[in-house]
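Step one of this worksheet: look at the structure below.
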Amino acid sequence: MQLLFIHSDYIEYEAKEKTRVAEPISESSRNERVEEALVVFIAVEREDEKDARYVVEKASEEAISVFNKVNAERIVLYPYAHLSSELASPGRSIEILREMENELLSRGVEVKRAPFGWYKSFTLRCKGHPLSELSRKIKVREGAEAEEAEVEKKSKALEAEEKAESHFFFMDEKGNLIRTADFEFVEEQENLRKFFVYESEKRRAVDKIPPHVELMKRLEIADYESSSDPGNLRFYPKGKLIKTLLEDYVRNSVAEYGAAEVETPIMYSTEHPSLKDYLERFPARQYSMVGKVGKPDLFLRFSACFGQFLMGKDMSMSYKNLPLKIFELASSFRKEKRGELVGLRRLRKFTMPDMHTFCKDMGEALEEFKKQYELCMRVLEGIGFSSKDYEVAIRFTKEFYDDDANKRFIEELVRIAGKPVLIEMWDQRFFYFVLKFEFNFVDALEKASALSTVQIDVENAERYGIKYVDANGKENRPIILHCSPSGAIERCMYALLEKAYLDKEGGVLPMLPLWLSPTQLRIIPVAERHLEYVEGVLPLLTGIRVDVDDREETVSKKIRDAGREWIPYVAVVGNKEVEKKTLNVTIREESSDKKQKVEMDVSALKERIEEGLKNKPFWRLPVSYRLSERTKFVGG
RNA sequence: GCCGCUGUGGCUUAGAGGUAGAGCGGCUGAUUCGUAAUCAGCAGGUCGUGGGUUCAAAUCCCACCAGCGGCUCCA
């Protein structure tokens, strides 16, 4: 609460015109003149709502203390919104002002309160003595927010979740459901074991900073931005390139699958009835913005669900259109707790490919579910993750699994995965889905995070009023599938970096997939006189991100730097190559610590690289192709 | 958010109450070099921010900010 005290000879005001939030007043109280008053201009702020009682008391104490010091005869409370940019809601503001009026009255002070929500003219004569102008800020005491959060009313879903119990199993490729205690891990199931431990037990401390955080900085991919809210990162040109390529790839894959791309708003009113349940369930997880006076507050979306459901509600769908798929590459915001944020793994602002499929019934939903399960595998494969790189979790309600056909369906999913998967069975449904799967990546610190996921949603069609017309002309609720084929784009980048790190630990030279490598081919002239030949070769290499290390450095130095940047193809050009019109190429994926050099002509190299880029998006190099002209974005 | 640890030029870091030092990177010059760091010189620091203790603070104390780990959480 912001307070401005003016000790006045008199104040005169007139309520001229109503604003939208005006309180009703009698005709006689429109005009007032008060002599010898301590005028208290007040802005009630948003945070005051958390502990109104305390704020009212504190503010009243302050007012009385000033009142006594200056020897005023009475107090005028004057609502003055312009003292703050973070106002409380009008309704609460009026209440708090009234409480303050009563508080002062009960302490024996003569009080007048100017009407709230009116455009008022006023004349004020300030006495001008040293204490006649003072301002105060009343802060909500420490801990009030936490208290508030705890008493926050819990939705039914949240209560149910607390009561819900779940049980873990493993299922092998033959469809045997095995109790976790009875499962024996073989060597290649080490990651499954780590994943299960992560899901079910406490972990011990690791005193390493996550490898990908170091890499994302060193490779000039992304970095923290301490001037923003934590978890909102900056991306350098190379990182933005990788991100754009991944986005394009996922977007293309989903379009090919038959989804229509849409765009929906990133912010929504907190007062929309369909959105309220979500907000109640995760009260502290929103970025919220205070609406202007008389307007509802807004929150930033944490997924594309709302936008697409609200769109779905207004569509007229026939059973003939189903299954209907819409997709969005959605910038999403989740105000994760401070300690949960890590590099590119867990962010507050991230990019979520989000596809929703409207299906006419559970049969169709399951059919689609399986197709999307396979879609997710293909998309991850395309990004650079084989099924060895992730662990499958399938989660469902007991009720779902009690059905024989469903049981066979789950077994089929495990067969497709081709290796044992983690099963979680809930004894009751506590959120909107009955069945979901995720593909989880296990990183160098043995932490698991979900990449792809599909969920079968049986609740939101009802909540949002989404319907389709069936063959009999009757309206029905569709079953909705939520699918993120790759998981968050940033998280894919995290997993790629962690995977490269793990490769390095295993003695393999770390690198990004060719199509994502910022520089795909680096040409290193031995001396300046070889540059001309190199420049002549460049026009033959269109469609490939090529750069030239034209710095005045030794060949050894340039080779080392290319290696540190994980460049997939490094070509050295000296007298021999100029003479024979070839390139001396080191192919990273075929090299170990000992360099493997191959003499190739330019067209052979081009063909080989193009083969590796097939069916993948391409963007040109975002920085100068000459290293001598390049700016460093990160030191070291 | 809570608990613990950390914070020194662009990067990595030495310094533990008494004049901030180095390597990399940068700049300048020399070197035109054949597969993981060519040589020399120069510039660059509010010691995360704000308070406090002290004759004196990077160093001790407090608060805040950011990062890391744990708890928690992951729609």
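Convention: sequence-line order gives letters A, B, ...; per-chain numbering from 1.
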Nucleotide of [options] approaching [X] most closely (side-chain heavy atoms):
X        : options                : result
A:Leu445 : B:rG69, B:rG25, B:rC68 : B:rG69
A:Gln286 : B:rA75, B:rA36, B:rC68 : B:rA75
A:Arg285 : B:rG69, B:rC73, B:rA66 : B:rC73
A:Lys597 : B:rU72, B:rU35, B:rC74 : B:rU35
A:Lys337 : B:rU38, B:rG69, B:rG1  : B:rG1

If we take the [atom1] atom in both [N] and [M], what is their distance in whole Å?
N      : M      : atom1 : result
B:rU53 : B:rU59 : C1'   : 13 Å
B:rG44 : B:rG21 : P     : 13 Å
B:rU38 : B:rG23 : P     : 16 Å
B:rG17 : B:rA57 : C1'   : 7 Å
B:rA43 : B:rC3  : P     : 47 Å
B:rC64 : B:rG15 : P     : 29 Å
B:rU8  : B:rG50 : P     : 16 Å

Distance-only donor-acceptor check, side chains A:Ser449 and A:Tyr494, under 3.5 Å: yes
Under 3.5 Å side-chain donor-acceptor pair for A:Asp297 and A:Ser288: no
Partner residues of [X] under the side chain to side chain donor-acceptor pair (under 3.5 Å) criterion, sequence neighbours left out:
X        : value
A:Thr264 : A:Arg301, A:Glu328
A:Arg608 : A:Tyr569, A:Glu589, A:Glu590
A:Thr270 : none
A:Tyr287 : A:Asp229, A:Asn232

Enumerate all atom pairs, one protein N or O and one N or O from nucleotides 27-34 of chain B, separated by less than 3.5 Å.
unit_1: B:rU31; atom_1: O4; unit_2: A:Glu552; atom_2: OE1; d: 2.3
unit_1: B:rU32; atom_1: O2; unit_2: A:Glu528; atom_2: N; d: 3.0
unit_1: B:rU32; atom_1: N3; unit_2: A:Glu528; atom_2: OE1; d: 3.3
unit_1: B:rU32; atom_1: O4; unit_2: A:Glu528; atom_2: OE1; d: 3.1
unit_1: B:rU32; atom_1: O4; unit_2: A:Glu552; atom_2: OE1; d: 3.2
unit_1: B:rC33; atom_1: OP2; unit_2: A:Arg529; atom_2: NH1; d: 3.2
unit_1: B:rC33; atom_1: OP2; unit_2: A:Arg529; atom_2: NH2; d: 3.1
unit_1: B:rG34; atom_1: O6; unit_2: A:Asn575; atom_2: N; d: 2.4
unit_1: B:rG34; atom_1: O6; unit_2: A:Lys576; atom_2: N; d: 2.9
unit_1: B:rG34; atom_1: N1; unit_2: A:Glu577; atom_2: OE1; d: 2.6
unit_1: B:rG34; atom_1: N1; unit_2: A:Glu577; atom_2: OE2; d: 3.4
unit_1: B:rG34; atom_1: N2; unit_2: A:Glu577; atom_2: OE1; d: 3.2
unit_1: B:rG34; atom_1: N2; unit_2: A:Glu577; atom_2: OE2; d: 2.6

side-chain hydrogen bond (donor to acceptor under 3.5 Å, both in side chains) evaluation trace for A:Gln372 with A:Thr357: CA-CA 10 Å; A:Gln372 294 183 12; A:Thr357 308; 2.9 Å; yes
Pairing partner (Watson-Crick or G-U wobble, both distances under 3.5 angstrom) of [N]:
N      : result
B:rA56 : none
B:rU32 : none
B:rU19 : none
B:rC42 : B:rG26
B:rA14 : none

Rounded distance (nearest 0.5 Å) linking atom CD of A:Glu565 with atom CD of A:Glu220: 7.5 Å
Sugar-phosphate only, base, or nothing, as touched by A:Ile524 at under 4.0 Å among non-hydrogen atoms: nothing
Upstream residue (5' side of RNA chain B) when A:Leu341 and A:Asp561 are each assigned their closest nucleotide: A:Asp561
5′-ward residue of the pair A:Lys557/A:Phe433 relative to RNA chain B: A:Lys557
Results of side-chain contact (heavy atoms from CB on, under 4.5 Å) for A:Thr453 - residues two or more places apart only: A:Lys436, A:Glu438, A:Gln455, A:Ser484
Sort me out a list of protein N/O and nucleotides 44-47 of chain B N/O pairs below 3.5 Å, or just none if empty.
none

ring-ring contact (aromatic ring centres under 6.0 Å, His included) partners of A:Tyr501, counting only residues at least two apart: none
Non-neighbouring partners of A:Phe299 that pass ring-ring contact (aromatic ring centres under 6.0 Å, His included), sequence neighbours left out: A:Phe306
Side-chain N,O (A:Tyr198) to OP1/OP2 (B:rC74) below 4.0 Å: no
